[in-house]
Amino acid sequence: HPHWYSPETGIYNSKHPSVELPSDPFLDVVSFFFSHQHNGASALIDSLSGSSISYPELYSLVKSMASGLHHTGISKGDVVLILLPNSIYYSIVFLGVLYLGAIVTTMNPLSSVLEIKKQITDSNVCLAFTIAEKVEKLQALGIPAIGVPENVNLDSKLTTFSAFYKLLSSCFELAPRPVIKQQDTAAIMYSSGTTGMSKGVVITHRNFIAMAELFVRFEASQYEYSSLDNVFLAVLPMFHIYGLSLFVVGLLYLGSSIVVMRKFDRNAMIKALDRYKVTHFPVVPPILTALTRGAKNVGGSSLKSLKQVSCGAAPLSRKVIEDFIQTLPHVDFIQGYGMTESTAVGTRGFNSEKFQNYSSIGLLAPNMQAKVVDWNTGSFSPPGSSGELWLRGPAIMKGYLNNMEATMSTIDKDGWLHTGDIVCFDQDGYIHIFDRLKEIIKYKGFQIAPADLEALLISHPEILDVAVTVALDEESGEIPVAFVVRKNGSRLSPEAVMDYVSERVAPYRKVRKVVFTNSIPKSAAGKILRRELRNLMNSRL
Ligand code: 4UV
């Protein structure tokens with residue numbers, strides 16, 4: 001057996017040397033952030049307008065934001081919602097809130113009122129930052145809301161955003177710092193985990209510090225070039241753990257420049273890569289496909305500055321990877337894997353590795369351990385055999401918010417996070433991901449919990465029973481499909497079912513196919529047999 005695998009315990013250790021993490025229990029993300037100050041390059045650049053924030057400006061804006069929030073009455077333990085698209089202001093709000101020991105919860109800005117209501121109630125939000133159109137909607141839900149401008153310079157005179165500009169220009173003395181421990185909660189992100197409805201993932205200051213060190217700084221330490229020369233394009237949404245970890249927290253520790261795109265657009269993306277001489281581009285599979293297409297259109301001589309593209313969050317086919325590599329042969333390609341529950345830390349590939357490794361999700365991150373467990377027998381799988389991936393290490397969440405039962409069934413008594421992903425380590429320690437045991441659907445890399453959609457569909461007066469499952473889709477990777485049992489006499493159409501859902505959820509969570517059926521396959525205990533449904537679905541396609 002290789003030295004990094006123990007057949008006695010079934011434990012895989014990282015092949016990387018371990019990284020030292022700060023041991024002081026009284027340390028928070030923002031103090032840690034301020035202890036790595038940078039000069040020079042722009043920290044954040046708005047791709048559309050070219051407006052930018054320098055590192056020195058960023059540090060002072062975070063402090064102003066914290067002071068202003070303190071004077072608004074925000075204090076340790078309060079939960080602040082960030083309901084924004086990507087913005088050069090995102091990190092300022094995020095770090096400003098954390099500076100006070102308060103907690104951030106993030107959300108897709110396209111979420112429906114129903115979804116917003118659910119999350120603000122569950123996480124107990126007391127203040128929100130959002131786009132102009134959503135300010136009144138939040139206030140109607142009883143949440144004070146601050147409008148954040150999309151356009152950096154032009155909007156500064158608009159009264160809609162006066163509260164925000166007031167916070168940014170707060171020249172109060174610095175807010176008094178409460179005592180913040182590494183183990184205190186920093187953020188509540190939402191994920192459905194391996195089963196059931198969407199739940200609050202409690203992420204601590206320690207988790208973010210570990211993420212910054214084990215994922216972002218460790219990876220940068222492997223490059224020959226300096227992180228200060230790196231320019232990242234931020235298309236991935238900052239409200240999701242992948243974008244949040246990189247663009248809102250991790251890369252700003254390193255002093256890289258981040259070009260922020262407010263929303264995805266293929267042509268604008270290609271232009272931004274060129275205009276800002278982007279060197280690193282983290283993507284999800286549909287963006288990788290769009291990048292290959294866009295690069296073909298502009299010809300091979302373009303995108304010369306690009307050094308690395310990394311892809312994660314959803315399965316990727318070998319064909320898509322090969323197409324990319326053939327189109328942009330000068331660019332290093334790697335895959336990464338992480339979860340909301342592991343603060344995005346998991347595995348990452350390496351630049352310039354053998355071609356066969358492109359289809360792997362890479363090596364285990366430093367300081368992290370894994371087990372691969374046969375889900376039928378509970379026995380440990382050695383390199384070469386597959387099983388469910390379990391992860392342990394300093395980036396694993398504290399647990400699910402107010403949900404002891406889900407926490408205990410996800411993190412066992414020895415601290416292993418059961419990921420619900422089926423993987424296999426090869427003899428070189430590279431990890432390959434095959435399938436999922438868990439219920440989530442990954443639409444363009446976004447999570448959809450079948451149980452959330454089922455709860456919504458069953459509230460329809462003409463629906464007797466329902467089960468939502470996943471179907472493969474060329475463009476989006478995976479789409480949700482609803483198997484619906486109509487009530488006696490109902491003539492409900494598939495379109496009416498889909499409309500019912502789309503009026504109540506963010507666009508990415510729409511049901512995209514409806515199959516009427518007479519019954520839902522269930523176990524004797526009444527649990528939906530999801531694998532059976534999935535097989536049924538795939539056989540019908
Ligand atoms: O909770 P979540 O939505 O989280 C993510 C995180 C993605 C990351 C994080 C760090 C990286 O370096 C990176 O490249 C990607 O998506 O969903 C977690 C689930 O998404 C699936 C898998 O089922 C996880 O449990 N998933 C994540 N990455 C991959 C993946 C991948 N590379 N290939 C296949 N499935």
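One-based numbering, in listed order, for ligands and for the atoms of each.
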For [atom], which protein heavy atom lies nearest, and how many Å away is it?
| atom | value |
| --- | --- |
| atom 28 (N) of ligand 1 | A313 N, 3.1 Å |
| atom 12 (O) of ligand 1 | R348 NH1, 2.8 Å |
| atom 17 (O) of ligand 1 | K442 NZ, 2.8 Å |
| atom 33 (N) of ligand 1 | A314 O, 3.4 Å |
| atom 23 (O) of ligand 1 | D421 OD1, 2.6 Å |
| atom 6 (C) of ligand 1 | G338 O, 3.2 Å |
| atom 10 (C) of ligand 1 | A344 O, 3.0 Å |
| atom 32 (N) of ligand 1 | G336 O, 2.7 Å |

Requested in this report: Test side-chain hydrogen bond (donor to acceptor under 3.5 Å, both in side chains) on S191 and Q447 and set out the steps.
Outcome: CA-CA 7 Å; S191 163; Q447 275 199 25; 3.0 Å; yes
Quick test of your reading of the model: are [X] and [Y] salt-bridged, counting only N-O distances below 4.0 Å?
| X | Y | result |
| --- | --- | --- |
| K442 | D473 | no |
| D229 | K307 | no |
| R348 | E219 | yes |
| E478 | R436 | yes |
| D452 | K118 | yes |

Can you name the atoms of ligand 1, numbered from 1 with element, that are less than 4.0 Å from a heavy atom of [X]?
| X | result |
| --- | --- |
| T340 | 1 (O), 2 (P), 3 (O), 4 (O) |
| R436 | 23 (O) |
| I241 | 4 (O), 6 (C) |
| K438 | 23 (O), 24 (C), 25 (O) |
| I433 | 33 (N), 34 (C), 35 (N) |
| Q335 | 32 (N) |

Query - Heavy-atom nearest neighbour of atom 13 (C) of ligand 1 within options F434, Y242, Y190 - result: Y242
Is it the side chain (CB and beyond), the backbone, both or neither of [X] that lies under 4.0 Å from ligand 1, heavy atoms counted?
| X | value |
| --- | --- |
| Q447 | side chain |
| L316 | neither |
| S310 | neither |

Report task. Could you tell me whether some N/O pair between I361 and ligand 1 is separated by less than 3.5 angstrom? Result -> no
Query - Min N/O separation T347 to ligand 1 under 3.5 Å - result: no
Report task. Report yes or no: do Q119 and T105 form a side-chain donor-acceptor pair below 3.5 Å? Result -> yes
Query raised in the report: Under 3.5 Å, is there a donor-acceptor pair between the T194 and E439 side chains?
Result: no
May I ask you to decide if [Y]'s main-chain N or O and [X]'s side chain share a donor-acceptor pair within less than 3.5 Å?
| X | Y | value |
| --- | --- | --- |
| K199 | M197 | yes |
| E115 | V505 | no |
| S476 | I479 | no |

Return a table of donor-acceptor pairs under 3.5 angstrom between the side chains of residues 361-373 and protein atoms on other chains or two or more places apart.
| from | atom 1 | to | atom 2 | distance (Å) |
| --- | --- | --- | --- | --- |
| N367 | OD1 | V19 | N | 2.8 |
| N367 | ND2 | V19 | O | 2.8 |
| Q369 | OE1 | R392 | NE | 3.0 |
| Q369 | OE1 | R392 | NH2 | 2.9 |
| Q369 | NE2 | N13 | OD1 | 2.9 |

Query raised in the report: Does even one non-hydrogen atom of F446 get within less than 4.0 Å of ligand 1?
Result: no
Query raised in the report: In terms of ring plane angle, is the pair Y253 and H36 parallel, tilted or perpendicular, where the classes change at 30° and 60°?
Result: perpendicular
